Amino acid sequence: MPVITIREALNQAIDEEMARDKNVFIMGEEVGHYNGAYKVTQGLLAKYGDNRVIDTPIAEEGFAGVGIGAALTGLRPIIEFMTWNFSLVAIDQIINNAAKMRYMSGGQFTLPMVFRGPQGAGGSLGAQHSQTFENYFAYVPGLKVIVPSTPHDYKGLLKSAIRDDDVVIFMEAEKAYNYTGEVPEEEYLIPIGKAEVKKQGSDVSIITWGIMYFTAMQAIEKLEAEGISVELVDPRTLRPLDSETILSSVRKTKRAVIVQESWPVASFGDHIAALVSREAFDSLDAPVEIVSGEDVPMPYAFPLEEAALPSVEKIIAAVKRTLA
Amino acid sequence: MPESARTKKLLGFYDQMLRIRRFEEAAAKAYAGGSIKGFCHLYIGEESIAVGAIANLEKQDYIISTYRDHGHALARGMEPGSAMAELYGKETGCSKGMGGSMHLFDKDLRFMGGHGIVGGHVAVAAGLAFGARYQKERSVTLAFIGEGAVSIGGFHEGLSLAALWKLPVVFIVENNLYSMGTPQYRHLSVKDISMRAEGYGMPGKRINGSNVYHVFEEVRDAVNRARSDHGPTLIEIITYRFRGHSMSDPAKYRAPGELELKKEKDPILVTHAELLSIGVSEDTLKAINDKNKKIADDSVEFAKISAFPPASDLHKYTYVNP
Ligand SMILES: Cc1ncc(C[n+]2csc(CCOP(=O)(O)OP(=O)(O)O)c2C)c(N)n1
Ligand SMILES: [Mg+2]
């Protein structure tokens, strides 16, 4: 199987879906002539032209709204935010318009569209450019929220997102665009709303998504060397959430550690912890642990940024607490 | 102004522009060496705007800027060591190492930050002006804005409010012809941005930025207007950045020969030539350059020997009362 980067996996997914359906177009800052701020859209302008690969001014609220209007007419927009930090000026469009139009119209209109872009700590980018936002969107009925981890998942899920008839929030990891993994040559889709057990184990379940998958896997390697058997469940889609796969893993291992890059307060990790505590209470042998980013805006100073993020050590400590 | 006073002023501008240029060259070197990380946006080629504009300010005036903020901070008088230490993420930095290159802050200088979200600081500029007037301070706010920011809502709302309430603020659009990799004609329906001022109900003008003295004079009128309570002004200043958008941008989008052509109008060269033509000696100018080279080197030295903030500072600044 070819080994490719997450950047390439995304590029392939967009390319294949644009080739498949002429109603799919992509719009955002620097997506065309510059070939993407992070080169995700490399080559697409040359291939599809500026009717379908559209450079925008810096006007996130504007082009998010244009995407919504275009979706109402039956097109399938992919709206790229250069990063999700900049989506905040467009959040009114996403929450008040995109998420509600179908419901408010009594189901007359659908918005088959994807909002996508990178998020998270990119490395010394400071407080305004290092944020994790899945909680903001997972909170909202009417949105689907996907936060993939491996190149394989990125590709299969983005293709499904583009074909989906609802509004999909697709959140990539800025730091992971160069990460590599196996991706099949032949076409495949990954269903939205299906978790995957990425590693089987028996002593404890780690539930994690997005870039934290890689950090968790490093922790697991060390834990297994010490004889602790860890199962890793990657929900992949946060909304709708595949609760069953999470719960059956926890019922088996009797312990749960949730790992998320986001801030700890009112977070998606809390949502999963509540779910597990409620639905698998009788199986639990230890309180549910959550490893999160520290509860601070991201500092620029390099050692402090490192301290602010979840780490292999923090995950190992949390796992051991559940076993103590 | 008598000729000698003008010469003196121009020499000061030359000195300040070189302070910024040598500082940023040193920063670029440190970035290449890995001592400075993240996003780092250089102002090289645009120094005449910060220097000419800020020369009009008094101590009680405010400045607010974008992520491309080194020039504005230094022109306001920030210690180069304090700025460089911030780029290095050290606790002796102007923002204690918590902000980085994009977020220089200095309360004493009323330097109200470099800001990372395009358009996000424009209404804040209006708010600084509001606060100052409320407190009867007679202070003026200078807001520096990229030309790529004029399509976003925050820009319109900020200018609308400032004009409505006649706030003492001067909006300076630094038009360096590119918004990241996008030339103006591909992101804006109009060529003349200053024309928009009329729609908000404030005066607007469009000037060339290569002559620092010209910038100084044009901004002076707007600052005087704001200080005498006649309201805001929008000034578009045409300039050019000689480096990429940030350190990670190879800037392949420029037309062939464009950069070389623009470098002929380098504001430092323009001022250098003018100073020679009015009788300042090459030796004097060289001494100014050498001094600023040393200031830049010293700032790097200071940043290097400074310590990172301790891990215990991680939660220190989130709240006044946690
Ligand atoms: C709301 C928002 N969208 C996108 C970005 C990413 N971004 C940072 S700078 C920039 C270009 C800005 O160009 P301009 O305003 O002309 O200023 P310059 O960098 O040329 O000084 C972009 C797109 C951002 N920081 N904020
Ligand atoms: Mg610009």
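Naming: A, B, ... by sequence-line order, numbering from 1 per chain. None of the values given here were measured: they were computed from a predicted structure.
Put simply, of S179(B), A149(B), S151(B), the one with the most heavy-atom pairs under 4.5 Å next to chain A is S151(B). Residue with the most contacts toward chain B among F302(A), F86(A), Y34(A): F302(A) (heavy-atom pairs, distance under 4.5 Å). Most heavy-atom pairs under 4.5 Å with chain B: of the set A308(A), A307(A), P303(A), G123(A), this distinction falls to P303(A). Among the candidates E306(A), E61(A), E294(A), the residue making the largest number of heavy-atom pairs closer than 4.5 Å to chain B is E294(A).
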Under 3.5 Å, sequence neighbours excluded: what are the donor-acceptor pairs made by side chains of residues 153-160 of chain B?
unit_1  : atom_1 : unit_2  : atom_2 : d
H156(B) : ND1    : Y200(B) : OH     : 2.4
H156(B) : NE2    : V150(B) : O      : 3.3
S160(B) : OG     : H156(B) : O      : 2.8

Sequence neighbours left out, cut at 3.5 Å: what donor-acceptor pairs do the side chains of residues 32-46 of chain B make with other protein atoms?
unit_1 : atom_1 : unit_2  : atom_2 : d
Y43(B) : OH     : E46(B)  : O      : 3.3
Y43(B) : OH     : A50(B)  : N      : 3.1
Y43(B) : OH     : H72(B)  : NE2    : 3.2
Y43(B) : OH     : E174(B) : OE2    : 2.6
E46(B) : OE2    : N176(B) : ND2    : 3.1

Distance-only criterion, 3.5 Å: show the donor-acceptor pairs between side-chain atoms of residues 94-101 of chain A and protein atoms not counting sequence neighbours.
unit_1  : atom_1 : unit_2 : atom_2 : d
N96(A)  : ND2    : D92(A) : OD1    : 2.7
N97(A)  : ND2    : Q93(A) : OE1    : 2.7
K100(A) : NZ     : I95(A) : O      : 2.7

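To the nearest 0.5 Å, atoms CZ (R254(B)) and CZ (F242(B)) are separated by 9.0 Å.
The closest side-chain donor-acceptor pair between H33(A) and D55(A) falls under 3.5 angstrom. Side-chain atoms of Q131(A) and N85(A) include a donor-acceptor pair closer than 3.5 Å. Under 3.5 Å, the side chains of Y300(A) and E305(A) contain no donor-acceptor pair of N or O atoms. Of the N and O atoms on the side chains of E60(A) and S87(A), not one donor lies less than 3.5 Å from an acceptor on the other residue.
Within residues 304-322 of chain B, the residues that have a heavy atom under 4.5 Å from a heavy atom of chain A are F308(B), P309(B), P310(B), A311(B), D313(B), L314(B), H315(B), T318(B), listed by number.
Interface residue M180(B): backbone and side-chain heavy atoms are both found under 4.5 Å from chain A.
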